[in-house]
Amino acid sequence: MSWRFNALVLTTILALGFSALATSEPRYVILLIGDGMDDSQITLARNYLKGAQGRLQMDSLPFRSSVQVITMSEQDPSKPVYVADSANTATTLATGQVTSRGRIATTAKTDKDLTTIAELAKAAGYATGIVTTASITDATPAAFISHIGLRGCQNSERMWTATSLDKSRQGCEADLKANGGKGSIAEQIAEGTTDLILGGGNKHFQIMAETTDQTVQSIAEANGYSVIHNTKVLQAMTGEEKILGLFARKTMEVKLRGKDDRKAEHPKRKIKNWLSWSPNTATLPEPMQCEANPDFANTPTLPTMTQAALDLLVKRGGDKGFFLMVESASIDKQAHRRNPCGQIGELEQLDDALKKALTFAKQHANTLILVTADHGHAAQIIPLRYALPKKLSTPDKAKFDKSKADIYSPGKVALLQTADDQIMVINYATNNASSADHTGTQVPLMSNQPLPGMMQQSEIFSIMQKYLQL
Ligand SMILES: [Zn+2]
């Protein structure tokens, strides 16, 4: 009943929203994914960068929806799993089909390839592009342009070593070319038809392709790719050749870091605090601001790569148009490291990339912009009162800096001094392991075109498919 109603609302909205499109005019879809960018991560970035009354670029988008993230169990695909990873969610966005964690555009259990929006668009004559700050073989980009049973199978060497946390899962042997498969993710990308792919992950292309004495990069070049390693060359490209831009060995450097590279930290506890509850026996981390990451200096920014992609794809797409996916990957990766400044900088990069997309949409009428997250993440904004002595009822920075806490989060916290000149407490408490974890919350979808109020993640694929008339 509710699914049917949703489908009806979606169809009506799509019909209303897109009825003005002339069939002969080029169409453009720009899908921007903030990896792990749920509402909590957006709110903390907004508070820090702009202040509570400030606005991000994504806040200016007139249409909004809440998106349910659905994940299947690999053992029993009729059952849901409540926390996703980037592989299964990117598969859902790319193919409209729900699968299990770790899978790249393949079905749970039966391991069948699922056709992606990039493949459908290419077959219909559109240009296609992928831009990411991760390795281009990482889960999110990979799910749009390759098919494999496990996300770890990024290159020919890892086909033998990649494993899943789920020990009942098969590795990648079935996908080896020797076994009639398509080979690793890097090899599939090198042999593919995507017009433009920009990001990190060069190391996966300098490895010998399976059963050859050629690097994967050589195979990409033989397949017509211009393989480039710096943005100056990118900016000189004319769009006549397919482009594979590899700007970092692995994940690209991030824009911001905590002062002196600080991340979230445990409150320091005196022995008395371990023995029994008593006031003023724990010290919270000093407040800090974010600073520029010196290692980012020579890294192409996400907005720069996005602009280059828009300029080149509009040429290659001609009268037809294009599909472009842009991912800011390290919102997720920095949240795993409990590094709030890292994730804030990467969310800002996505917001700046969106600015480029919005300018493009002003100049090109039939442009659908979608901004979403694949899944939720660890960071939460928690009350300052946990960080204050009991008697101090109002936030007072001078007193606060010297204050001791008696109540605090069992996780790690960072105290950020925001654009409002207030302290914001960011908490990571999903686990006590070295990497903080994803959460199972619904995620936002923002657009320049009408959206239904509540959706499942697979419907984002349907919106793109209908817009491009695939
Ligand atoms: Zn993650």
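Excluded from the calculations below are hydrogen atoms, water molecules and symmetry mates; all remaining heavy atoms, backbone and side chain alike, are included. Predicted, not measured: the structure shown is a model, and the values here were computed from it. Both counts, for ligands and for their atoms, begin at 1 and track the order of listing.
Of all N, O or S atoms in Asp332, the one lying closest to the Zn ion (ligand 1) is OD2. The N, O or S atom of His336 with the smallest distance to the Zn ion (ligand 1) is NE2.
Taking the ring centroids of Tyr225 and Phe205, they lie at or beyond the 6.0 Å cut-off.
The Zn ion (ligand 1) has no N, O or S atom of His377 closer than 2.8 Å.
Between Asn202 and His229 the shortest heavy-atom distance is OD1-CE1, 3.1 Å.
Annotation for Arg262: atom CZ counts as buried by contact number, over 12 foreign heavy atoms lying within 6.0 Å.
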Salt bridge (charged side-chain N to carboxylate O under 4.0 Å, His left out) between Asp351 and Lys50, worked out
CA-CA 12 Å; Asp351 211 43; Lys50 310 284 182 184; 5.6 Å; no
